[in-house]
Amino acid sequence: MQVFLFSASIDSARLNDLEHRIRAKIPDVQIVSRMEEVTKVLPKAAGSDGELACILFPVVLNAPASFDRMVSIATEYRDSLFFIFISDDIPASDYKRLVQTGGADWASTRGAPEEIADILARIGKGGADSAESPPTTEPVMIAFVPSAGGVGNSTLAIETGIQLKTAKRTRSRRVCLLDLDFQNSHICDYLDIEPRMQIHEVAANPERLDAQLFDLFVSHHSSGLDVLAAPRSRDNSPDLDPKTLEILFGMIAARYDLILLDLPVPWFNWTRQLLSAAEVVLVSGLNTIPGLRHVAESLTAVRAVERVPAKIAVVLNRCEYRLVGGFARRHHVKNLLGTEEVFFVRDDVENAVQSVNTGIPMAAQGQGKVSKDIAPIALLASEAKPVPSTGPRS
Ligand SMILES: Nc1ncnc2c1ncn2[C@@H]1O[C@H](COP(=O)(O)OP(=O)(O)O)[C@@H](O)[C@H]1O
Ligand SMILES: [Mg+2]
């Protein structure tokens with residue numbers, strides 16, 4: 001597919017930055033300053049082999065008129081050109097109008113290269129309408145299960161997701177982090193993005209969840225990690241019926257290769273069903289005697305689900321680390337958890353606090369010790385193989 005970057009709509013400094021970043025992902029991108037330069041080559045691009053060409057269109061969304069113009073351009077050319085508009089942000093209602101043209105999508109300036117690559121991969125599979133086409137492989141589901149409150153379950157899930165999206169080996173995988181704490185979600189605070197999943201709408205009307213609505217629910221992080229999280233509300237019911245879950249996971253499974261689940265502490269009527277569909281379950285907890293007991297109880301509960309996940313391991317977070325001797329109180333772990341596979345992640349208050357206060361995950365800030373400890377978890381997640389589902393996933 002030919003990909004063009006339209007240069008006339010933003011200043012040269014922003015254009016250079018954008019071009020530089022996009023070229024790293026799409027080396028063949030061609031710069032054009034007038035639409036005619038694209039339309040005159042369209043017979044070649046969209047002709048005999050029927051392939052769409054794609055034009056990347058940076059815009060400054062400051063006036064309704066400029067948005068209306070985007071919609072009309074996208075509608076006019078939709079048989080031969082697919083537009084990806086790029087701006088810092090876009091109101092949800094505008095985004096919906098844009099996608100409804102059938103000839104356009106949107107990428108954020110910060111996440112541009114990854115988001116563009118994702119969109120191109122999607123439309124490359126057979127046109128703009130192929131958003132619902134099934135992925136070539138079954139996705140893998142990794143569940144982070146907290147054994148108690150505040151053990152760092154969300155932090156572990158986030159850091160794993162960011163490591164997967166920043167490591168050269170895995171960054172092309174489509175990774176989604178689903179926050180299942182509908183009432184008290186805090187993943188988006190940690191990542192400084194807006195939660196967008198209106199879970200009450202889905203619960204009330206599951207059959208309304210189509211591709212367009214789903215796209216509106218996704219929050220894009222600049223690393224390329226996609227997040228599904230509901231705006232915090234005590235009115236959100238934590239109960240989802242099996243049909244809602246089925247429709248939601250059908251949408252997710254069609255779009256992502258790797259799904260990270262951040263579960264809440266209480267178990268609901270859907271928890272066992274979800275865990276039965278996961279390939280890997282990571283039970284998180286703390287290395288104290290009560291903490292390890294919570295972990296042991298959670299492991300028993302996980303092993304009692306209908307289809308036991310292929311891999312179950314423990315992550316002990318906020319562990320004390322000594323220069324001599326390494327992680328403290330390993331013998332407690334041995335006594336209470338026996339032969340369980342255990343990952344130790346050290347306590348690093350300074351970096352953790354800075355991370356939540358700045359909205360920048362530790363993995364994106366550099367080489368912190370916590371990131372080093374989480375790296376084997378990201379490796380485990382990346383190497384998990386899909387187990388053909390026998391029901392619960394769908
Ligand atoms: N390894 C760590 N070292 C220090 N603080 C941590 C670590 N992991 C998480 N935290 C902090 O612990 C608090 C609770 O973490 P969070 O991920 O929200 O837990 P949960 O999702 O289990 O409630 C947060 O302030 C977080 O920054
Ligand atoms: Mg949490």
Side-chain angles (χ1 to χ4, degrees), residues 142-163 176-193 195 197 199 219 221 225 227-234 236 238 259-268 271 274 281-288 290-295 297-299 301-302 313-322 326-329 333 342-378 381:
I142 320 284
F144 287 81
V145 177
S147 60
V151 299
N153 199 62
S154 299
T155 305
L156 295 168
I158 292 171
E159 296 291 335
T160 302
I162 301 290
Q163 289 203 13
C176 164
L177 172 52
L178 172 59
D179 186 340
L180 289 154
D181 192 347
F182 306 126
Q183 286 194 350
N184 203 18
S185 147
H186 48 275
I187 279 192
C188 287
D189 296 281
Y190 289 2
L191 289 171
D192 197 20
I193 49 178
M197 181 168 64
I199 194 69
S219 310
H221 184 257
L225 179 69
V227 176
L228 283 164
R232 262 193 300 281
S233 167
R234 301 287 178 207
N236 284 345
I259 304 160
L260 305 174
L261 304 177
D262 178 14
L263 278 96
V265 179
W267 284 34
F268 298 101
T271 307
L274 268 195
V281 168
L282 295 160
V283 173
S284 60
L286 301 178
N287 186 7
T288 59
L292 294 168
R293 285 196 183 124
H294 283 145
V295 169
E297 286 158 15
S298 302
L299 287 167
V302 170
V314 175
V315 186
L316 295 178
N317 190 24
R318 311 202 59 170
C319 291
E320 190 184 331
Y321 185 86
R322 295 178 186 146
F327 287 104
R329 296 185 298 283
V333 180
V342 179
F343 296 94
F344 292 86
V345 176
R346 74 197 85 178
D347 191 34
D348 183 351
V349 175
E350 195 180 324
N351 279 313
V353 169
Q354 183 180 339
S355 164
V356 292
N357 283 347
T358 55
I360 305 170
M362 291 181 262
Q365 285 183 351
Q367 289 306 313
K369 298 279 197 295
V370 170
S371 298
K372 189 167 155 270
D373 297 339
I374 291 176
I377 303 170

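Residue numbers run from 1 in the order of the sequence given. For ligands, and for the atoms within them, numbers begin at 1 and follow the listed sequence.
For the pair Leu316/Val295, a side-chain contact is recorded, criterion being any heavy-atom separation below 4.5 Å from C-beta on. Taking the side chain as every heavy atom from C-beta outward, Leu299 and Val283 approach each other to under 4.5 Å. With contacts defined as side-chain heavy-atom distances shorter than 4.5 Å, the pair Asp347/Cys319 does not qualify. Asp192 places none of its side-chain heavy atoms less than 4.5 Å from the side chain of Ile360.
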Side chain to side chain donor-acceptor pair (under 3.5 Å) between Ser185 and Asp179, intermediate numbers included: CA-CA 7 Å; Ser185 147; Asp179 186 340; 2.9 Å; yes

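Among all heavy-atom pairs drawn from Asn153 and Ser284, the shortest one is OD1-OG, 2.7 Å. Nearest heavy-atom pair across Val345 and Ile377 is CG2-CD1, 4.2 Å.
Atom 18 (O) of ligand 1 has its closest protein heavy atom at Tyr190 OH, 2.5 Å. Of the protein's non-hydrogen atoms, the one nearest atom 12 (O) of ligand 1 is Arg318 NH1, 3.4 Å. Looking only at protein heavy atoms, the nearest one to atom 3 (N) of ligand 1 is Asp348 N, 2.9 Å. If you check which protein heavy atom lies closest to atom 14 (C) of ligand 1, you get Gly150 O, 3.9 Å. In this structure, atom 8 (N) of ligand 1 lies nearest to the protein heavy atom Asn317 ND2, 3.0 Å. Given atom 4 (C) of ligand 1, the protein heavy atom at minimum distance is Asp347 OD1, 3.1 Å. For atom 9 (C) of ligand 1, the nearest non-hydrogen atom of the protein is Thr155 OG1, 3.4 Å.
In Asn153, the parts holding a heavy atom less than 4.0 Å from any atom of ligand 1 are both the side chain and the backbone. Under 4.0 Å from ligand 1, the heavy atoms of His186 that appear belong solely to its side chain.
A salt bridge is absent between Asp181 and Arg232; no separation between the charged side-chain nitrogens and carboxylate oxygens falls under 4.0 Å. Taking the charged nitrogens against the carboxylate oxygens, Asp348 and Lys369 have no contact shorter than 4.0 Å, which rules out a salt bridge.
Protein N/O/S atoms closer to the Mg ion (ligand 2) than 2.8 Å number 2 in this structure.
Within the structure, ligand 1 lacks Pro146 among the residues with a heavy atom less than 4.0 angstrom away.
Checked against ring-ring contact (aromatic ring centres under 6.0 Å, His included), His294 has no partners two or more places apart in sequence or in another chain.
The number of heavy-atom neighbours closer than 6.0 Å to CZ of Arg346, taken from other residues, nucleotides and ligands shown, is above 12.
For a threshold of 3.5 Å applied to N or O pairs, the pair formed by Val151 and ligand 1 contains at least one separation below that value. Checking only distances, Ala148 never comes within under 3.5 Å of ligand 1, N or O to N or O. No N or O atom of Asp262 sits closer than 3.5 Å to an N or O atom of ligand 1.
Classified by interplanar angle (parallel below 30°, tilted 30° to 60°, perpendicular above 60°), the ring pair Phe327/Phe344 is parallel.
Partner Pro264 forms a side-chain contact (heavy atoms from CB on, under 4.5 Å) with one of Thr271, Val145, Leu180 and no other, that one being Leu180.
Contact atoms of ligand 1 toward Val356: 27 (O) (distance under 4.0 Å to a heavy atom of the residue). Using a 4.0 Å cut-off to heavy atoms of Ala352, the atoms of ligand 1 that qualify are 4 (C), 5 (N), 6 (C), 27 (O).
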